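Order of the sequence lines fixes the chain letters, A, B, ..., with proteins taken first and strands second; residue numbering starts at 1 for each chain. These numbers were taken from a predicted model, which means no experiment stands behind them.
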Amino acid sequence: MSEWIEACEVDDVDEEDVIRFDHAGKTFAIYRSPDDEFFATDGLCTHEKVHLADGLVMDDIIECPKHNGRFNYKTGAAKGAPVCVNLQTYPVKVESGKVLVQIG
Amino acid sequence: MTPGMVIVGAGECGARATLALREEGYDGPVTLIGAERHLPYERPPLSKDGMAAEAIGAKVIADAARLLEARIDLMLSSEVVRIDRNARTLALGGGRVIPYDKLLLATGARPRRLPMAEGIGGCVYLRTHDDAEAIRARLRPDAHVAIIGGGFIGLELAAAASMRGCRVTVLETQPRILMRGVPAEIADIIAEAHGRSGVVIRCGVSISEMTADDSTRAVSLVVDGARIEADLCIVGIGAVPNTEIASDSGLAVENGIRVDETMATSDPNIFAAGDCASFPLVIYGGRRVRLEAWRNAQEQGALAARNMLSKGEQHSAVPWFWSDQYDLSMQIAGLVDEGVTTVRREVGADAFILFHLAADGRLVAASGIGPGNAVARDIRLAEMLIARGAKPPGDKLAASDTKLKSLLAA
């Protein structure tokens with residue numbers, strides 16, 4: 001059963017930035033895009049299990065802090081070497097200043 | 001059918017180049033020739049987490065299925081002995097002749113050998129997965145491991161061996177570790193971490209003698225006149241580019257196979273990239289360098305592939321490399337020795353970045369260290385500033401509360 005989990009406050013994430021969110025033994029990354037929308041993906045890079053929340057967000061791309069693997073965090077699409085496996089994405093909604101993630 | 005593209009060297013650079021040819025839409029034959037028996041794999045873990053782990057494992061760059069799908073003709077355990085540039089063919093060790101339209105030399109580098117250690121079985125080097133397996137098997141708890149060379153390979157292996165329960169002594173002839181390309185402030189942090197782990201680092205030493213016990217493979221060293229006994233001696237004193245097949249065929253060699261900004265050698269049908277190639281760094285006014293770095297191998301492999309397809313693209317990447325030791329990770333963007341002044345920025349409580357500025361105020365390098373990936377994001381932003389020749393104000397760089405991203409917009 002998938003449920004909506006409160007990940008953080010809206011103000012916890014700067015625009016064009018990312019934070020880490022751990023829940024039930026898994027780690028996720030919560031993004032705020034330059035146009036002020038929120039997104040969520042798995043928190044670890046598919047290349048070497050590095051926390052993406054330490055990486056850099058530029059437009060709709062998250063770049064792994066270790067080896068510069070790049071993903072579109074809105075779609076999860078891997079954008080070339082060294083990553084070739086896409087990121088899992090999760091639905092996100094904002095309600096009364098809180099960011100909720102649907103983790104199934 | 002045309003002979004197509006041939007790539008010599010199935011490491012990071014060669015493997016990325018073959019994949020890049022297909023990504024660029026090239027449809028002709030692609031042949032990848034590797035000296036090792038393994039599928040192309042990533043080398044960085046061999047001295048880092050792979051060596052410290054229970055099993056080294058192998059991180060394959062492209063597995064057999066992916067290579068098949070990309071129609072890459074992979075030839076492993078194959079040695080190229082000669083290039084005939086007039087006939088545009090390669091001769092393999094077994095006598096086979098391979099024709100090419102365009103050739104990429106991604107032959108990499110090999111460990112620099114220590115003359116004193118020749119013939120001493122207890123003395124080993126690290127380059128390949130097989131080398132790593134052999135070393136790993138001998139990192140038994142309480143074994144005494146002597147490591148000659150306080151560079152990245154030596155220090156990463158020292159950390160891994162220490163984490164495996166070995167007693168470790170690092171011997172460096174220079175006055176400090178990481179003399180080449182790493183600021184003293186960062187080298188000091190790394191040295192302290194080794195000290196906490198019980199690794200003994202001795203700098204400025206002179207090693208006068210080395211003998212071996214052939215039955216136990218133990219090595220006896222005389223260091224500054226005093227004898228040291230080691231169960232295993234690892235030599236990590238740098239690498240030598242594999243340029244022989246290039247120079248034998250008359251290609252220009254200058255601390256590596258000499259290429260231009262497009263990775264072309266002195267023969268327009270032959271390219272070289274990665275550890276084996278020396279190239280002009282456009283961002284430093286064409287200074288000729290050779291980089292032994294994972295990301296450089298990838299980027300140059302892909303760039304060479306595009307230019308084998310006549311894209312005419314120039315190299316523009318900023319050099320970048322990293323090292324992991326214990327819980328620390330160091331990252332450097334740019335070449336530190338291009339800087340004349342340094343600005344320090346604290347990143348949280350236990351991490352910092354040094355920004356290296358040229359006389360005219362241009363940011364030319366950034367080096368940082370901290371636990372985990374504490375400095376990664378700021379180093380990446382610094383890399384972008386370096387790439388565009390930015391002259392960010394020193395007080396802004398130093399101020400932890402100024403976001404580096406805001407300087408990119410300036």
Side-chain angles (χ1 to χ4, degrees), chain A residues 8 11-22 26-37 39 41-73 77-87, chain B residues 12-13 15-20 23-24 40 42 44-45 48-50 57 59-63 66 69-70 293-295 297-299 301-302 305 317-318 320-324 329 331 333 347-348 351 368 370-384 403-406 408-409:
Chain A
C8 59
D11 292 343
D12 291 342
V13 196
D14 290 342
E15 272 185 25
E16 203 179 39
D17 210 343
V18 57
I19 65 164
R20 175 175 163 180
F21 168 59
D22 290 348
K26 278 196 74 181
T27 185
F28 302 89
I30 311 292
Y31 309 83
R32 187 171 185 173
S33 70
D35 47 5
D36 205 17
E37 275 191 273
F39 298 87
T41 69
D42 274 341
L44 300 177
C45 181
T46 57
H47 173 238
E48 280 207 345
K49 309 288 172 218
V50 171
H51 282 284
L52 290 170
D54 289 327
L56 181 66
V57 178
M58 297 290 276
D59 293 325
D60 50 7
I61 298 295
I62 174 70
E63 195 175 73
C64 172
K66 202 70 184 201
H67 307 128
N68 300 103
R70 296 179 178 91
F71 302 91
N72 181 323
Y73 58 81
K79 306 300 277 185
V83 294
C84 46
V85 177
N86 293 343
L87 271 181
Chain B
E12 189 71 43
C13 183
R16 297 292 176 195
T18 57
L19 297 173
E23 282 158 21
E24 293 295 324
E42 299 191 7
K48 303 181 177 71
D49 43 354
K59 185 135 188 70
V60 170
I61 296 166
D63 61 20
R66 185 162 172 215
E69 189 195 337
W294 181 78
R295 197 163 101 190
Q298 277 191 9
E299 287 168 346
V318 176
W320 178 91
F321 62 99
W322 91 97
S323 177
D324 297 331
S329 189
Q331 293 196 0
V347 183
N373 290 309
V375 300
R377 193 187 305 210
D378 284 348
I379 291 285
R380 179 73 178 109
L381 288 162
E383 185 193 326
M384 294 181 197
K403 286 201 160 196
L404 288 185
K405 213 183 225 179
S406 69
L408 267 179

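- Using a distance-only test at 3.5 Å, with no hydrogens or angles considered, no donor-acceptor pair links the side chain of B:R377 to the main chain of A:V57.
- Looking at A:H47 and B:E42, their side chains do bring a donor and an acceptor atom within 3.5 Å of each other.
- Remark: the backbone N or O of A:E16 is paired with a side-chain donor or acceptor of B:K405 at under 3.5 angstrom.
- Contact annotation for B:D324: only side-chain heavy atoms (C-beta onward) come within less than 4.5 Å of a heavy atom of chain A.
- At least one side-chain heavy atom of B:L408 sits less than 4.5 Å from a side-chain heavy atom of A:M58.
- Interface remark: B:P44 contributes no atoms to any contact with chain A (heavy atom separation under 4.5 Å).
- For A:E15, the CD atom is densely surrounded, since the number of other residues' heavy atoms within 6.0 Å is greater than 12.
- Here the CG atom belonging to A:N68 is positioned 9.5 Å from the CH2 atom belonging to B:W322, to the nearest 0.5 angstrom.
- In this structure, the side chains of A:P82 and B:E12 stay at 4.5 Å or more apart for every pair of heavy atoms.
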How far apart are the C-alpha atoms of B:E383 and A:L56, what are their side-chain angles, what is the distance that settles it, and do they pass the side-chain contact (heavy atoms from CB on, under 4.5 Å) test?
-> CA-CA 12 Å; B:E383 185 193 326; A:L56 181 66; over 6 Å; no
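- Between chain A and the options B:E23, B:R295, B:R66, the largest number of non-hydrogen pairs under 4.5 Å is found for B:R295.
- Only the side chain of A:C84 comes within less than 4.5 Å of a heavy atom in chain B; its backbone stays farther off.
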Kindly indicate, with the supporting measurements, whether the criterion salt bridge (Lys or Arg N to Asp or Glu O under 4.0 Å) is fulfilled by A:D17 and B:K403.
-> CA-CA 12 Å; A:D17 210 343; B:K403 286 201 160 196; 3.5 Å; yes
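- Here the closest non-hydrogen pair linking B:Q331 and A:P65 is NE2-O, 3.0 Å.
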